[in-house]
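Just below is one structure, and these are the notes that go with it.
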Amino acid sequence: MRKLIFAISLLATVASCNNGGGNKVEEQECATNVPAFCEDSAYSYVAAQCSFGPRTVNSVAHDSCGNYIASKFRNFGAEVTEQYADTKLYDGTPIKLRNIIASYNPDMPVRLLVCAHWDSRPWADHDENEANHRLPIDGANDGASGVGVILELARQIQLATPEVGADFICFDAEDCGMPQWADDGNDHESTWCLGSQHWAAFRHKEGYMARYGILLDMVGGNNSQFRKEGFSMHFAPGIVDKIWAAARRIGYSNYFVNETGGYITDDHLPVNRSGIPCVDVIASDAEDGGFCRTWHTMDDNIDHISRQTLKAVGQTMMEVIYNEK
Ligand code: AHN
Ligand code: ZN
């Protein structure tokens with residue numbers, strides 16, 4: 001009897017591994033039923049963050065939105081840790097940064113880390129209108145999109161537990177690097193990514209380790225494509241392959257294109273340098289390959305957010321997370 005049940009269940013497994021065309025696909029590719037990522041939810045989380053106003057460090061909107069993000073994670077059943085630190089901007093302005101960390105199944109030894117920054121840039125220094133260069137941006141794509149995808153991943157993980165533990169980190173103070181109008185031509189790389197630099201030096205939990213990390217940056221824009229970023233290829237080429245293969249499997253090769261991009265200073269760099277291989281999934285413009293056109297401009301608002309892009313990135317993340325053993 002046992003044997004019969006085993007044989008039947010084996011048959012069922014093999015049958016489910018047949019795709020519509022009748023070709024047997026690799027067993028590994030259909031071993032897991034990956035739940036559907038809801039792009040409408042992700043979009044609503046992006047809109048909610050933007051509704052506070054620009055989330056620039058030291059602002060009330062920043063405070064309120066931080067509370068919103070932490071409470072969403074708590075509602076989705078995560079263990080939430082907040083990490084505060086006093087630091088300084090490029091010009092010496094003191095800030096208190098706040099990294100927000102959400103953990104699922106914190107006792108599982110094998111862990112994946114998904115991260116994004118949640119602050120918005122205080123200066124639209126790339127805007128075509130110079131009068132806007134000192135105004136703060138909404139950061140709908142640059143900031144809110146990554147957190148929006150993460151919040152929907154968190155909601156999904158509460159509904160169906162993957163086989164690995166998951167940690168989500170919303171890094172603060174990524175985007176207050178020295179503005180172009182103050183640039184003196186020296187190297188100011190260290191003025192970016194303050195939250196991730198702090199986390200890399202002082203993990204939220206002693207001895208914390210993840211198998212690998214994925215950074216989501218500008219993952220909700222219209223007309224977005226994702227190229228294999230330089231530092232990601234240097235530190236984590238196998239993970240880049242894994243992500244791009246997952247996207248290909250589920251039909252998103254038009255978003256995750258098989259091309260290399262430039263080297264970008266971003267939150268994945270401190271994470272990589274601290275010993276966790278981490279890939280930056282960051283958009284480039286489909287037409288000119290540079291950052292998306294709204295980058296560090298007043299146009300980086302909810303009107304330029306695409307549910308389709310959120311879906312392509314979110315479902316690819318689901319495919320990666322739920323196939324990890
Ligand atoms: C710099 O422009 C130095 N780094 C790009 C990283 C970034 C800024 N991502 C979003 N905003
Ligand atoms: Zn930015």
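In listed order, ligands and their atoms are each counted from 1. Fair warning: this is a prediction, and the values are worked out from it, not measured in the lab.
When only non-hydrogen protein atoms are considered, atom 2 (O) of ligand 1 lies nearest to Trp295 CZ2, 3.7 Å. Looking only at heavy atoms of the protein, atom 9 (N) of ligand 1 is closest to Asp217 OD2, 2.7 Å. Ranking protein heavy atoms by distance to atom 10 (C) of ligand 1, first place goes to Asp142 OD1, 3.0 Å. Thr265 O, 3.0 Å is the protein heavy atom nearest to atom 6 (C) of ligand 1.
Proximity of His296 to ligand 1, defined as any heavy-atom pair under 4.0 Å, is confined to the side chain (atoms from C-beta onward). Under 4.0 Å from ligand 1, the heavy atoms of Glu174 that appear belong solely to its side chain.
In this structure, Glu324 CD and Leu112 CG are separated by 5.0 Å, a value rounded to the nearest 0.5 Å. Distance CD/Glu79 to CG/Asp167: 9.0 Å, rounded to 0.5 Å.
By the 30° and 60° cut-offs, the orientation of the rings of His268 relative to Phe231 is perpendicular. Classification of the Phe168-Tyr104 ring pair by plane angle, with boundaries at 30° and 60°, yields perpendicular. Aromatic ring orientation, Phe202 versus His198: tilted (interplanar angle from 30° to 60°). Using cut-offs of 30° and 60° for the angle between ring planes, the Tyr90 and Trp181 rings count as perpendicular.
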* Residues Asp40, Arg307; criterion salt bridge (charged side-chain N to carboxylate O under 4.0 Å, His left out); working and verdict -> CA-CA 7 Å; Asp40 289 329; Arg307 288 179 173 80; 2.9 Å; yes
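Within a radius of less than 2.8 Å around the Zn ion (ligand 2), the protein N, O or S atoms are Asp142 OD2, Asp175 OD1, Asp175 OD2, His296 NE2.
A side-chain donor-acceptor contact under 3.5 Å links His296 and Arg121.
When all heavy atoms of Met298 and Ala124 are compared, the pair lying nearest together is SD-CB, 3.6 Å.
Looking at ligand 1, you'll find an N or O of Asp175 within less than 3.5 Å of one of its N or O atoms.
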